[in-house]
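Structure record follows, encoded as structure tokens.
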Amino acid sequence: MSSQLNPAQREAVEHGDGPLLVVAGAGSGKTRVLTTRIARLIEVHEVPPQAILAVTFTNKAAGEMRERVGRSLGRDPSGMWIGTFHGIGARLLRMYGTHVGRTPEYTIYDEDDSLAVVKRLMERFRLSVKEFAPKAINGEISSAKNALVEPHEYEALARTPLAKAAAQVYTELEPTLRAANAVSFDDLLTLPVRILREHPEVREHLSRRFRHVLVDEYQDTNRAQYEFVRLIAGGHGNLAVVGDDDQAIYGWRGADIRNILDFERDFPSARVVRLEENYRSTAPILALANDVIVRNEARRGKTLRPTRTGGEPVVLLECADDRDEAEAIAEAVQQWRTSRGALRDCAVLYRTNAQSRAMEEAMRRAAIPYRLVGAVRFYDRREIKDLVAWLRLIANPADDEAFRRAIGAPKRGVGETTLELLALEAREAAIPLLEQARRIDAIGGIRPATRTALLDLVATVDRFRALAADASVDQLLVQLITAIGYDTALRNEGPEGLDRLDNVRELVTSAAEVIIDDGGEVGLRPLDHFLQRATLVTGLDQLGPDADAVTMMTVHTAKGLEYAMVCVTGLEDGLFPLSRAFDDPATLEEERRLLYVAITRAGERLLISWAHQRRRNGELLPCMMSSFLRGLGDEHFEKRATLRLRGSARLASPFSSSGSGRFTSEERYRQPKTPAWSPRAGERVSSFIQDEDASQDAPSFVPGERVSHPKFGSGAIADVSGTGKDAKVTVDFDDETVGRKRLVIAFAGLTRAFD
């Protein structure tokens with residue numbers, strides 16, 4: 001049973017009674033150790049399967065564990081409890097729920113059910129759902145429960161308006177659920193802990209029943225999960241946990257790295273075994289991973305050693321901007337497909353979902369099939385479809401489907417009954433819904449607030465139709481978002497809303513790129529160009545499950561997965577690591593662990609990229625290479641610069657001695673003027689704009705001057721307006737089919753013509 005194990009794995013498997021901590025590095029075979037240990041307990045130590053409790057984090061992992069144990073034994077381990085924390089908690093509540101006011105027939109509320117209860121309690125306390133999103137309230141309570149903070153403690157600690165509102169709901173939530181014989185998802189953890197704490201006879205019975213407790217992914221446990229395991233295994237100490245403190249990346253959702261760092265505090269006699277032999281990655285990849293993670297202080301310490309020989313050098317790719325980066329990544333994936341074959345063996349990783357938009361479009365242009373994991377396609381996301389609906393309505397007031405979506409984005413108190421009444425009147429009059437809304441005063445039985453909301457929408461569409469004739473789409477979007485209060489509505493949704501706000505920012509960037517694609521033209525309705533492109537993107541056929549496609553996802557989603565080739569993108573300060581990490585050393589270390597996870601997903605080929613400039617809110621802003629990379633030795637990388645970067649006169653030569661390209665001193669940057677909806681509250685702005693003297697070489701034009709445009713040819717400047725990035729020119733082109741165009745100078749690519 002232990003013949004195919006290395007010495008460290010064998011030590012962990014053959015350990016008998018007593019606490020055991022297995023610090024399992026990435027790709028070191030931890031699942032084999034866990035399943036082989038269970039099989040050995042049954043076969044060699046004659047522990048009955050029903051005396052073993054094995055806990056993991058996903059049903060898939062639990063199923064695989066049971067299957068592998070069965071293969072090792074040659075039979076099903078009947079009677080063994082193996083499952084997720086929540087699954088085992090639910091099972092215990094069926095047995096002992098009467099101790100917390102539940103019968104065995106209790107109901108588990110899903111998210112929608114839980115939100116419905118929260119909304120009713122908010123109504124009872126007269127808490128406005130416009131001021132406090134029920135999801136945000138529920139999120140606050142969920143975090144408190146998983147940290148085992150009781151309602152009275154939470155109420156005493158509440159400082160912010162959101163926390164104080166959540167405290168009122170939290171106080172009444174448990175009695176309400178108990179009266180309904182129901183539990184929330186979080187209760188599946190917290191109620192069993194409460195039973196174990198308050199009823200020693202139950203705790204002692206379970207401790208005698210489960211003589212051995214094993215836990216996978218221990219670094220991801222939160223306070224409630226830690227306490228659950230400690231209470232059951234504390235009586236006999238036969239607790240074996242497997243995890244990697246260097247892969248603890250879920251602190252933002254309550255996981256506590258101290259559970260694995262301080263394991264010996266509760267179990268002083270624990271044996272600690274380190275699995276450091278890596279079976280996945282080549283030596284260059286592991287050398288980089290080791291050098292990255294060694295800079296963290298909150299860690300036990302280990303060094304991954306390769307079992308594979310040879311290996312390509314890690315490529316560090318320097319790009320001009322995010323579009324250049326996306327195109328370079330697409331080219332690298334294409335080369336992989338040409339030389340190695342399967343796209344399914346290749347993954348593109350990024351720090352935030354918003355980054356997928358540029359990557360998606362680059363893959364489409366290169367005709368490379370791709371699959372998004374853990375997220376919907378960019379233009380299919382709710383917040384993007386909401387704002388595109390507004391733009392569609394502005395472009396085409398007869399678009400009734402766009403009207404129906406826009407009226408609820410954000411919600412403005414116009415219900416389905418009113419909409420159907422409006423639609424009936426519109427059909428009889430043979431006019432669009434928007435036009436019927438303009439005549440709302442002629443319809444009886446409409447509440448004054450609803451009437452006002454409809455007229456406000458009409459006025460907003462009218463105003464932005466006038467703006468659309470001249471304004472660029474990104475400017476239009478920025479003003480629209482503020483005008484309809486969409487940014488405020490997203491912020492009120494809590495953390496999920498802030499993630500959606502990142503996608504909204506990326507939509508503004510996408511709109512700005514339409515100007516670039518169209519040669520800087522701002523006349524002839526750039527809005528129509530943008531909507532056409534968005535429609536074509538959303539019309540892509542969905543890939544089948546067996547398609548050979550490159551996988552694109554966030555690094556968090558990639559944890560536990562592995563690919564032959566991995567591209568890790570966006571390694572810039574403010575993005576990876578995120579800006580807010582610089583204010584908190586613990587968060588900064590978690591961001592570094594996240595990079596370590598990204599690196600160790602790669603088996604054969606690893607490419608890491610960063611860009612000198614990245615579009616944020618429609619502006620092209622300068623960036624600095626991530627501080628996680630700047631301190632590393634040159635021996636780790638084969639440094640490359642994209643063709644576009646090498647040919648750019650506006651950026652310094654690639655890879656200056658500072659290792660950060662042109663931008664070597666933060667004193668050369670200042671905080672940008674911040675739109676009201678742009679950065680998250682309390683967060684540093686992720687990029688900087690250059691001082692005015694940094695762009696003194698930008699071309700300036702005067703009326704009457706002859707210029708040349710790469711798309712429209714030669715012409716004469718008729719007018720100049722605006723300054724800086726907003727500077728525009730009106731050009732009368734010689735080609736009569738082109739005529740007069742209004743262009744954004746920064747994007748137009750104009751040069752002086754000396755003809």
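Bear in mind that the values here come from a model prediction, so they are computed numbers and not experimental data. Residues take their numbers from the sequence shown, with the count starting at 1.
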Does Ser627 form a side-chain contact (heavy atoms from CB on, under 4.5 Å) with Phe582? I'd like the steps, not just the answer. CA-CA 11 Å; Ser627 53; Phe582 291 106; 4.0 Å; yes
Only counting residues at least two apart or in another chain, list the ones meeting salt bridge (charged side-chain N to carboxylate O under 4.0 Å, His left out) with [X].
| X | answer |
| --- | --- |
| Arg159 | none |
| Glu123 | none |
| Arg209 | none |
| Arg592 | none |

With side chains defined as the heavy atoms from C-beta onward, is the minimum distance between [X] and [Y] less than 4.5 Å?
| X | Y | result |
| --- | --- | --- |
| Tyr109 | Asp112 | no |
| Asp216 | Val55 | no |
| Pro306 | Glu277 | no |
| Arg280 | Arg601 | yes |

With sequence neighbours excluded, what pairs up with Asn59 under the side-chain hydrogen bond (donor to acceptor under 3.5 Å, both in side chains) test?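 Result, side-chain hydrogen bond (donor to acceptor under 3.5 Å, both in side chains) vs Asn59: none returned.
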Strictly distance-based, threshold 3.5 Å: is any side-chain N or O of [X] a donor or acceptor partner for the main-chain N or O of [Y]?
| X | Y | value |
| --- | --- | --- |
| Arg32 | Gln4 | yes |
| Asn296 | Ala298 | no |
| Arg274 | Gly301 | yes |
| Ser114 | Glu111 | no |

Gap separating the [atom1] atom of [X] from the [atom2] atom of [Y], nearest 0.5 angstrom:
| X | Y | atom1 | atom2 | result |
| --- | --- | --- | --- | --- |
| Thr551 | Arg344 | OG1 | CZ | 9.5 Å |
| Glu227 | Leu189 | CD | CG | 12.0 Å |
| Asp186 | Asn138 | CG | CG | 7.5 Å |
| Met65 | Thr56 | CE | OG1 | 4.5 Å |

Run Arg299 and Glu589 through salt bridge (Lys or Arg N to Asp or Glu O under 4.0 Å) and show every step you take. CA-CA 10 Å; Arg299 64 188 298 261; Glu589 291 212 343; over 6 Å; no
Ion pair [X]/[Y], N-O distance below 4.0 Å:
| X | Y | value |
| --- | --- | --- |
| Arg593 | Asp245 | no |
| Glu591 | Arg351 | yes |
| Asp220 | Lys559 | yes |
| Lys135 | Glu493 | no |
| Lys145 | Asp187 | yes |

Can Glu217 and Lys30 be said to form a salt bridge (Lys or Arg N to Asp or Glu O under 4.0 Å), step by step? CA-CA 9 Å; Glu217 302 287 4; Lys30 71 177 180 65; 3.3 Å; yes
With sequence neighbours excluded, give me every side chain to side chain donor-acceptor pair (under 3.5 Å) pair touching residues 62-71.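 Output for this query lists Glu67-Arg71.
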Once side chain to side chain donor-acceptor pair (under 3.5 Å) is applied, what residue pairs with a partner in residues 163-183 remain, sequence neighbours excluded?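 Every side chain to side chain donor-acceptor pair (under 3.5 Å) pair that includes a residue of residues 163-183, provided the two are not neighbours, is Arg102-Glu174, Thr103-Asn181, Glu174-Arg178.
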Before giving the answer on salt bridge (Lys or Arg N to Asp or Glu O under 4.0 Å), spell out for Arg194 and Glu150 the whole-Å C-alpha distance, their side-chain angles and the decisive distance to 0.1 Å. CA-CA 11 Å; Arg194 182 174 151 196; Glu150 296 292 333; over 6 Å; no
With sequence neighbours left out, what residues match [X] under ring pair (Phe, Tyr, Trp, His ring centres under 6.0 Å)?
| X | answer |
| --- | --- |
| Phe576 | none |
| Phe628 | none |
| Phe267 | Phe263 |
| His199 | His99 |

Worked verdict on Lys302 versus Asp244 for salt bridge (Lys or Arg N to Asp or Glu O under 4.0 Å): CA-CA 10 Å; Lys302 65 178 179 305; Asp244 184 4; 2.5 Å; yes
Only pairs under 3.5 Å count here: list side-chain donor-acceptor contacts from residues 76-98, not counting sequence neighbours, and write none if there are none.
residue: Thr84; atom: OG1; partner: Gly87; partner atom: N; Å: 2.9
residue: Arg94; atom: NH1; partner: Pro104; partner atom: O; Å: 2.7
residue: Arg94; atom: NH1; partner: Tyr106; partner atom: O; Å: 3.1

